[in-house]
Amino acid sequence: MTRFVPTIGLEVHCQLRTASKLFSPCPFVRGAPANAVTDAYTWGLPGTLPVLNVEAVALALRLAVALGCEVAGESGWDRKHYFYPDLPKGYQITQRERPLARGGALAVPDPAAGPWATREVALERIHLEEDAGKVVGGGIDYNRAGAPLVEVVTAPVIRDAAEAARVLRALRFLLVRLGVSDATMEEGSLRCDVNVSLAEPGAPRSGVRCEIKNLNSFKFTLQAVAAEVERQEGLLSAGGRVAPVTLRFDPDRGAVQVMRVKEEALDYRWLPEPDLPPLVIEAAAVAAARAGLPDMPEQTRARYRALALEPAEAALL
Ligand code: ADP
Ligand code: MG
């Protein structure tokens, strides 16, 4: 039994089901031969400029209204710089200062509170950004570079590893129901970073947060959070401190490994993106997106419950 209370927050990246990339008409085809679906923009060639894919905006908007987020009438774009071979432009275009949407919540099954119970997991924000390429073997595959992502950031309200996995499953279910993303972890269209901190019960401040990057299965997410809680517990119980670090999960050893000291905002030399106008979403578009929503999973569950199905049967259906 632990003396410390974990706090967990997720950053989930979902690839949007669009025909083309976020800022160019280059097709986005999963499973294509390496470097078969690229263009001058994907390669970051000088003289190319981003043009926003409206289809990606529509899908992200659909997700935002489904989650009850407040959609920004005007959101904006920022450049996040880092040097890595899978990022030919040398920066990623994302929405840091003015995200597409804020707030909202995801209904997540809460088995400890009852077989039909759900808990509202609060969200911080939802924003659009472009994906990076992939380093494979000795080379780089740029097919994925520029693919459209929506990032869903939860508030730090998740209580343990099992709940973190349930949040991911609930989000996956919703993404598929909405047709927003294939959300297949095995194929990388749903990936998750987890933030974990530990504090004494009743402590006035939260503990130091560490981040495990790029988890690509529900099982690994569960194992990684559990391993990180254990690692931090070990440090704190021995009278030590938790340093803010970024970690990776090694599925073969079932252990987390420190990659680097946690990066700070300065490291990325954030700049407003000069080549894109602000993204304006009118109230009518938000209303139309809302009107086009199917039943939410919790409504479907309620209907099955009214039909006297068992929770497990409802989950299966
Ligand atoms: P960064 O860029 O440093 O990862 P973000 O704002 O993108 O920062 O992500 C913040 C994430 O960290 C959110 O998922 C949030 O819930 C989580 N988080 C914030 N504070 C804590 C904390 N004390 N313990 C655990 N997770 C936290
Ligand atoms: Mg992060």
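Note that ligands are numbered from 1 as they come in the structure, with each ligand's atoms numbered from 1 the same way. No experiment lies behind these values; they were computed from the predicted model shown. Only heavy atoms go into these numbers, but all of them, side chains included; no hydrogens, no water, no symmetry mates.
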Option set K213, K262, R209, criterion heavy-atom distance to atom 10 (C) of ligand 1, minimum
R209
Those atoms of ligand 1 less than 4.0 Å from some heavy atom in E211
4 (O)
How far apart are the C-alpha atoms of R3 and E233, what are their side-chain angles, what is the distance that settles it, and do they pass the salt bridge (charged side-chain N to carboxylate O under 4.0 Å, His left out) test?
CA-CA 8 Å; R3 283 173 48 209; E233 246 167 35; over 6 Å; no
Any nitrogen or oxygen of P156, side chain or backbone, less than 3.5 Å from one on ligand 1?
yes
salt_bridge(R248, D193) N-O dist < 4.0 Å:
no
Taking non-hydrogen atoms only, is V157 closer than 4.0 angstrom to ligand 1 via side chain, backbone, both or neither?
neither
What atoms in ligand 1 come closer than 4.0 Å to a heavy atom of T154?
13 (C), 14 (O), 15 (C), 16 (O)
Which bit of S206 gets closer than 4.0 Å to ligand 1, counting heavy atoms only: side chain, backbone, both or neither?
side chain
Using every non-hydrogen atom in the two residues, find where A105 and E120 come nearest and quote the distance to one decimal.
CB-OE1, 3.4 Å
Hey, do the aromatic rings of W270 and Y91 have their centres closer than 6.0 Å?
no
Are the side chain of D160 and the backbone of A162 linked by a donor-acceptor contact shorter than 3.5 Å?
yes
Side chain, backbone, both or neither: V153 near ligand 1, heavy atoms under 4.0 Å:
side chain
A student checking ligand 1 against L10 at a 4.0 Å heavy-atom cut-off should list atoms 14 (O)
Run through T48, D39, T38, N53 and flag the one making a side-chain hydrogen bond (donor to acceptor under 3.5 Å, both in side chains) with S24.
D39
